[in-house]
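Start at 1 and go down the list; that is how both ligands and their atoms are numbered.
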Amino acid sequence: MKKYNHFWILTTILLVSCQTPQKENYRWLKKSLDAASIQLKIAGEKLEGTGMFPRSIHQVCDTMFISRQLERDPSIFKDSIESESTPELAGQTLLCPASDWTSGFFPGSLWYAYEMTRKDSLKKFAIYYTNLLNPVRYIKNTHDIGFMVNCSYGNALRLTPNDTIKEIIKETADNLCGRFNDTIGCIRSWDFGDWNYPVIIDNIMNLDLLFKAYNLTANNRYNEVAIKHAKTTMKNHFRPDYTCYHVVSYNNDGTVEYKRTHQGKHDESSWARGQAWAVYGYTSCFRETKDSIFLNHAEHIANMIIRRVKTEDLIPLWDYNAIQSPETPRDASAAAVTASALIELSTLTQNNKYFTYAETILKNLSSDAYFAKIGDNQNFILMHSTGSVPNGFEIDAPLNYADYYYLEALKRYMDVKQIKYFDL
Ligand code: GLY
């Protein structure tokens with residue numbers, strides 16, 4: 001009789017558990033947010049008072065490795081090597097000043113981590129490191145002011161708005177518009193090098209600053225510049241298969257001077273982060289303008305990425321045309337940017353395939369293969385990104401922008417899933 005009772009109890013439990021929908025397991029998310037918050041806080045404490053920001057880890061440039069990756073003789077690319085790291089510095093944190101293109105990402109990571117966890121220590125550092133960027137309002141010699149200001153002050157504006165932030169957004173958006181050429185129809189990216197008028201695909205990321213300024217002021221000039229830049233880039237940067245060139249340089253009459261790469265394997269290759277910037281940028285353009293031309297383009301790029309990334313864990317090799325070899329580095333930053341973009345794209349298209357793809361990326365970036373142990377990795381969150389192989393720096397290294405877009409993607413993921421840190 002006793003045996004018979006046990007049978008029924010077990011059967012009932014089994015039946016009930018099969019009928020109750022299983023609660024999704026978000027342990028990976030909670031663990032990642034907790035560890036990321038600790039890493040950011042330690043980094044914030046270490047650099048307080050220095051006026052500097054964490055960018056990556058110093059490493060020594062191995063010319064023969066680069067030669068194998070580029071499949072070119074070192075004599076051809078040796079003049080492009082930009083790494084200034086010495087063997088004595090190897091392994092130490094590579095710091096950057098406020099004027100560096102990546103300076104906004106560390107404050108931005110602090111903002112996202114604060115937003116998700118509501119930890120006051122993160123907010124304190126987010127404000128502190130954002131304020132260090134005040135001098136950026138005077139920078140006019142690069143397109144990167146969009147990255148620098150939108151990721152730092154842009155997030156500050158969302159979370160702790162004040163009039164000074166609004167002024168900084170407007171001033172820096174004006175400076176970015178000052179780099180726009182009406183005949184060419186693009187914002188000039190760089191002021192260095194021997195190109196006539198270089199525009200890099202990364203520049204599409206700076207348009208969010210202009211959209212923000214437009215939303216604050218209703219001054220249509222910001223929108224016009226952003227939309228024209230996006231359309232000209234769509235026309236000239238993309239190949240028929242929706243991969244894109246890295247650098248397009250223009251003649252003064254608006255014709256193309258040439259199409260090249262600066263950070264990819266070769267001029268006709270598809271540099272992984274460039275493809276990620278592209279899908280992110282055109283998704284933003286659709287979010288802000290509701291013009292379906294941008295949505296179609298973003299979807300084409302997303303589908304190309306899904307087709308072309310061949311790694312099992314979806315973290316791309318540094319270039320889609322890189323040699324398949326065990327030593328070929330991946331680029332976690334490209335994966336993080338793509339994940340963030342595809343989550344947003346899934347909300348704009350109601351196409352779940354983009355969300356599922358991004359979710360796989362996020363779970364893999366949160367695994368031990370990419371997510372550093374607390375206290376390791378000079379307190380960066382992710383390992384295994386690649387800055388620039390042809391220029392010999394930040395190869396298979398942490399990058400502050402990998403961390404930033406990873407956290408942004410987690411935030412977007414939580415919003416879509418309607419989950420809160422305190423419920424995890
Ligand atoms: N914007 C520079 C890079 O993506 O490396």
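Asp319 pairs by the side chain to side chain donor-acceptor pair (under 3.5 Å) definition with Ser269, not counting sequence neighbours. Every residue two or more places apart in sequence or in another chain that forms a side chain to side chain contact (heavy atoms under 4.5 Å, CB included) with Ile323 is listed here: Gln69, Glu71, Lys265, Ser325, Thr328.
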Once you restrict both partners to nitrogen or oxygen, which atoms of ligand 1 have a protein partner under 3.5 Å, and how far apart are they?
| from | atom 1 | to | atom 2 | distance (Å) |
| --- | --- | --- | --- | --- |
| ligand 1 | 1 (N) | Asp202 | OD2 | 2.6 |
| ligand 1 | 4 (O) | Asp202 | OD2 | 3.2 |
| ligand 1 | 4 (O) | Arg273 | NE | 2.9 |
| ligand 1 | 4 (O) | Arg273 | NH2 | 3.4 |
| ligand 1 | 4 (O) | Trp277 | NE1 | 3.0 |
| ligand 1 | 5 (O) | Gln263 | NE2 | 2.8 |
| ligand 1 | 5 (O) | Arg273 | NH2 | 2.6 |

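Annotation: side chain of Met148 is in contact with side chain of Ile139 (closest heavy-atom distance under 4.5 Å). With contacts defined as side-chain heavy-atom distances shorter than 4.5 Å, the pair Arg221/Leu210 does not qualify. Phe294 is listed as a side-chain neighbour of Ile227, based on a closest heavy-atom distance under 4.5 Å.
Applying the ring-ring contact (aromatic ring centres under 6.0 Å, His included) test to pairs two or more places apart or on separate chains, those with a residue in residues 305-361 are Phe355-Tyr413.
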